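Notes to accompany the following structure.
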Amino acid sequence: MSHQYTEVEHISWGKRITNSFVGVILGFALFFGSFFILYWNEGRINFSQIAKQAVEISATSSNTVPQGKLIFTTGSVTSEEVIGDNLFLKPGQYIAVKRFTEMFAWDETKTSKTKKNVGGSEEKITTYRYEKKWHNQPEDSSRFKKSAGHHNPAKSISDLTNRVSQAQIGIYDLDIERIDLPRFQKLQLNQQNTNLKDGVSLVGNYLFQGNGTLNNPQVGDLRLQYSIIPNNMNMTVFGKLDKNRITAYLDQGKNRFYRMFSGSREEAISLLQHEYKTTTWLLRLLGFVMMWMGLTLFIEPIGVVLDVLPFLGNITRGIAGVSSFIIAFVMSSITILISMLLHNLVALAIAVAVAIGAGIFLRKMQQKAI
């Protein structure tokens with residue numbers, strides 16, 4: 001049976017023009033939304049800077065740090081509880097357990113190409129391809145363009161994250177349900193830490209359940225992996241000291257900081273700074289792309305009108321694409337710079353002072369020249 005389906009749609013010139021003006025509305029939303037994204041991004045909290053201000057306390061002795069102040073401490077995070085996933089992983093010495101389940105399922109991919117005709121109409125050729133893949137979130141096959149012969153059953157075992165109910169770092173209790181956990185470590189599965197039941201088998205580092213095999217699965221078969229945060233692991237915790245507990249810290253701007261890191265304070269701050277920089281540049285790129293796409297959509301109706309002769313429309317889009325790229329790059333760069341200044345009062349004051357000073361200097365120079 002063929003696992004490919006092709007659909008051809010004829011779109012008239014008039015309908016294309018109408019659609020392009022609908023695209024202009026989307027263009028406005030993208031263009032003006034980009035300014036909001038870029039401005040908001042430059043004002044995000046850099047938690048590495050907050051972390052640097054935290055007061056260190058000992059995890060093994062009482063401290064006189066004022067209650068409610070941001071603190072950090074480093075030590076072993078422990079719990080007397082043993083947990084698993086209440087299914088296949090036996091209870092063990094873990095602070096948290098994460099189960100990751102994939103199902104072998106049909107996957108639909110869609111590719112489209114268009115062919116413009118003299119007179120402005122267009123042929124849109126859409127090809128749907130169906131392949132079997134491992135999926136953490138299998139698609140609802142009833143929504144496939146061609147669902148017959150590509151049925152996905154419901155995933156019978158879901159993902160899971162399980163935490164102990166109580167944990168401590170040294171002598172201090174943690175609100176383990178609300179603290180942000182560090183990165184989980186992959187757990188090596190074996191006969192001793194797994195409960196092989198319900199037709200489940202251990203293959204490599206996977207638990208497999210189904211009618212096929214791990215190397216030759218059938219649709220609906222499952223494979224499971226586990227990752228953990230071990231008990232008695234050295235951690236650094238940031239939060240608020242509240243008697244004999246460390247809980248969530250809120251700064252004056254109501255920014256919440258309550259997080260556990262594997263390793264030292266310096267490693268935690270380095271990770272926070274890396275996360276901040278990465279997110280900042282990703283959001284800057286997103287804002288630029290939104291602005292570029294918005295400008296491109298503004299001009300699209302002109303290209304569609306000129307598609308009465310396809311080569312004219314293509315030339316127009318090429319010029320518009322390059323022009324809008326340059327304009328978006330310049331405007332997004334200026335927006336980022338202004339946003340940085342507006343979010344930094346000291347830098348803004350310096351910039352205003354420099355601008356005023358430059359204006360006075362230029363005015364005096366002009367008076368001398370006269």
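Not measured: the values here are computed from a predicted model. Quick note: residue numbers are just sequence positions, from 1.
At least one donor-acceptor pair closer than 3.5 Å links the side chain of Ser20 to the backbone N or O of Ile17. Looking at Ser270, its side chain never comes within 3.5 Å of a backbone N or O of Glu266 through a donor-acceptor pair. Using a distance-only test at 3.5 Å, with no hydrogens or angles considered, no donor-acceptor pair links the side chain of His274 to the main chain of Leu272. Here the side chain of Asn244 pairs no donor or acceptor atom with the backbone of Ile171 at under 3.5 angstrom. With hydrogens and angles ignored, the 3.5 Å screen pairs a side-chain donor or acceptor of Asn190 with a backbone N or O of Asn193. In this structure, Arg163 contributes its side chain and Ile176 its backbone to a donor-acceptor pair below 3.5 Å. In this structure, Lys155 contributes its side chain and Leu222 its backbone to no donor-acceptor pair below 3.5 Å. No donor-acceptor pair closer than 3.5 Å links the side chain of Asp85 to the backbone N or O of Lys98. Panel note: side chain Arg99, backbone Ser158; a donor-acceptor pair is recorded below 3.5 Å. Between the side chain of Thr236 and the main chain of Gly263, a donor-acceptor pair closer than 3.5 Å is present.
Residues Ser332 and Met291 approach most closely at N-SD, 3.8 Å, considering heavy atoms. When all heavy atoms are compared, the tightest approach of Gly287 to Ser34 is O-CB, 3.2 Å. Summarising the geometry of Leu207 relative to Tyr226, their closest heavy-atom pair is CD1-CE1, 3.7 Å, with the distance given to 0.1 Å. Across all their heavy atoms, Ile246 and Gly239 have their closest contact at CG2-CA, 4.0 Å. Ser142 approaches Ser147 most closely through the heavy-atom pair CA-CB, 4.5 Å. When all heavy atoms of Asp221 and Gly210 are compared, the closest pair comes out as OD1-CA, 3.1 Å.
Side chains of Thr213 and Asn215: no donor on one and acceptor on the other come within 3.5 Å. Defined by atom type and a distance below 3.5 Å, a donor-acceptor pair is missing between the side-chain atoms of Ser262 and Arg183.
Hydrophobic clustering, with ILVMFWY side chains joined whenever heavy atoms are under 4.5 angstrom apart, keeps Leu189 apart from Trp134. Hydrophobic clustering keeps Tyr172 apart from Phe238 (ILVMFWY residues linked when any side-chain heavy atoms are closer than 4.5 Å, directly or through intermediates). Note: the hydrophobic cluster containing Val24 does not contain Ile11 (ILVMFWY, side chain heavy atoms under 4.5 Å, direct or indirect links). Leu224 and Phe184 fall within a single hydrophobic cluster, where Ile, Leu, Val, Met, Phe, Trp and Tyr side chains are chained together by heavy-atom contacts under 4.5 Å. Under the 4.5 Å side-chain heavy-atom criterion for ILVMFWY residues, no single connected hydrophobic cluster contains both Ile179 and Phe47.
In this structure, Ser76 OG and Asn232 CG are separated by 4.5 Å, a value rounded to the nearest 0.5 Å. For the atom pair CE of Met235 and CZ of Arg259, the computed distance is 12.0 Å after rounding to the nearest 0.5 Å. Here CD of Gln209 is found 13.0 Å from CG of Leu214. Values are rounded to the nearest 0.5 Å. Taken to the nearest 0.5 Å, the OG1 atom of Thr111 stands 8.0 Å off from the CD atom of Gln4. With values rounded to the nearest 0.5 angstrom, Leu87 atom CG is found 7.0 Å from Asp198 atom CG. Here the CG-CZ distance, from Leu202 to Phe88, works out to 12.0 Å after rounding to the nearest 0.5 Å.
Side-chain contact check for Asp173 versus Gln168: some heavy-atom pair is nearer than 4.5 Å. Between Leu271 and Glu267, every side-chain heavy-atom pair lies at or beyond the 4.5 Å cut-off. Looking only at side-chain heavy atoms (C-beta outward), Phe104 and Arg223 stay at 4.5 Å or farther from each other. Using a 4.5 Å heavy-atom threshold, the side chains of Glu139 and Trp106 count as separate. Residues Lys145 and Thr126 are not in side-chain contact: their nearest non-hydrogen atoms beyond the backbone lie 4.5 Å or more apart. With contacts defined as side-chain heavy-atom distances shorter than 4.5 Å, the pair Leu89/Asn195 does not qualify. Ile37 is listed as a side-chain neighbour of Met290, based on a closest heavy-atom distance under 4.5 Å. Inter-residue side-chain proximity for Arg265 and Glu56 is flagged as unmet; no heavy-atom pair is nearer than 4.5 Å.
Of the residues listed (Phe325, Phe298, Phe31), the one engaging Trp292 in a ring pair (Phe, Tyr, Trp, His ring centres under 6.0 Å) is Phe325, and it is the only one.
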Q: Kindly determine whether Glu122 and Asp307 satisfy side chain to side chain contact (heavy atoms under 4.5 Å, CB included), including the steps that lead there.
A: CA-CA 9 Å; Glu122 183 178 76; Asp307 273 341; 5.5 Å; no
Q) For Ile95 and Asn231, what are the C-alpha separation, side-chain angles and deciding distance, and is it a side chain to side chain contact (heavy atoms under 4.5 Å, CB included)? A) CA-CA 5 Å; Ile95 296 297; Asn231 199 346; 3.8 Å; yes
Q: Determine, step by step, whether His135 and Glu102 satisfy the side-chain hydrogen bond (donor to acceptor under 3.5 Å, both in side chains) criterion, reporting the C-alpha distance in whole Å, the side-chain angles of both residues, the deciding distance to 0.1 Å, and the verdict.
A: CA-CA 5 Å; His135 274 282; Glu102 296 174 287; over 6 Å; no
Q | Glu81 vs Ser165, side-chain hydrogen bond (donor to acceptor under 3.5 Å, both in side chains): CA-CA, chis, key distance, verdict | A | CA-CA 8 Å; Glu81 297 178 50; Ser165 60; 2.4 Å; yes
(Q) If you apply the rule side chain to side chain contact (heavy atoms under 4.5 Å, CB included), what do you find for Met293 with Ser324, and how did you get there? (A) CA-CA 8 Å; Met293 291 180 61; Ser324 59; over 6 Å; no
Q: Apply ring-ring contact (aromatic ring centres under 6.0 Å, His included) to the pair Phe100 and Tyr206, showing each step before the final yes or no.
A: CA-CA 10 Å; Phe100 183 75; Tyr206 287 102; 9.3 Å; no
**Q.** Residue pair Gln53, Asp251: steps toward the side chain to side chain contact (heavy atoms under 4.5 Å, CB included) verdict
**A.** CA-CA 12 Å; Gln53 301 170 14; Asp251 67 8; over 6 Å; no
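For Lys90, the NZ atom counts as densely surrounded, since its 6.0 Å shell holds more than 12 non-hydrogen atoms of other residues, nucleotides or ligands. Under a cut-off of 6.0 angstrom, the local environment of CD in Glu80 is sparse, with at most 12 non-hydrogen atoms contributed by other residues, nucleotides or ligands. Other residues, nucleotides and ligands contribute at most 12 non-hydrogen atoms within 6.0 Å of the NZ atom of Lys243. Within 6.0 Å of CD in Glu123 there are more than 12 heavy atoms belonging to other residues, nucleotides or ligands. Environment of CZ in Arg44: crowded, with over 12 heavy atoms of neighbouring residues, nucleotides or ligands closer than 6.0 Å. With a 6.0 Å radius and a threshold of 12 heavy atoms from other residues, nucleotides or ligands, Gln166 has its CD atom at or below the threshold.
In this pair, Phe32 and Phe35 present their aromatic rings tilted. The plane angle is within the 30 to 60° band.
With respect to Glu300 and Arg317, a salt bridge is recorded, a charged nitrogen being found less than 4.0 Å from a carboxylate O. The existence of a salt bridge linking Arg284 and Glu42 is confirmed by a sub-4.0 Å separation between a basic side-chain nitrogen and an acidic carboxylate oxygen.
Cation-pi geometry between Arg16 and Trp13 is not met at under 6.0 angstrom from the ring centre and within 45 degrees of the axis.
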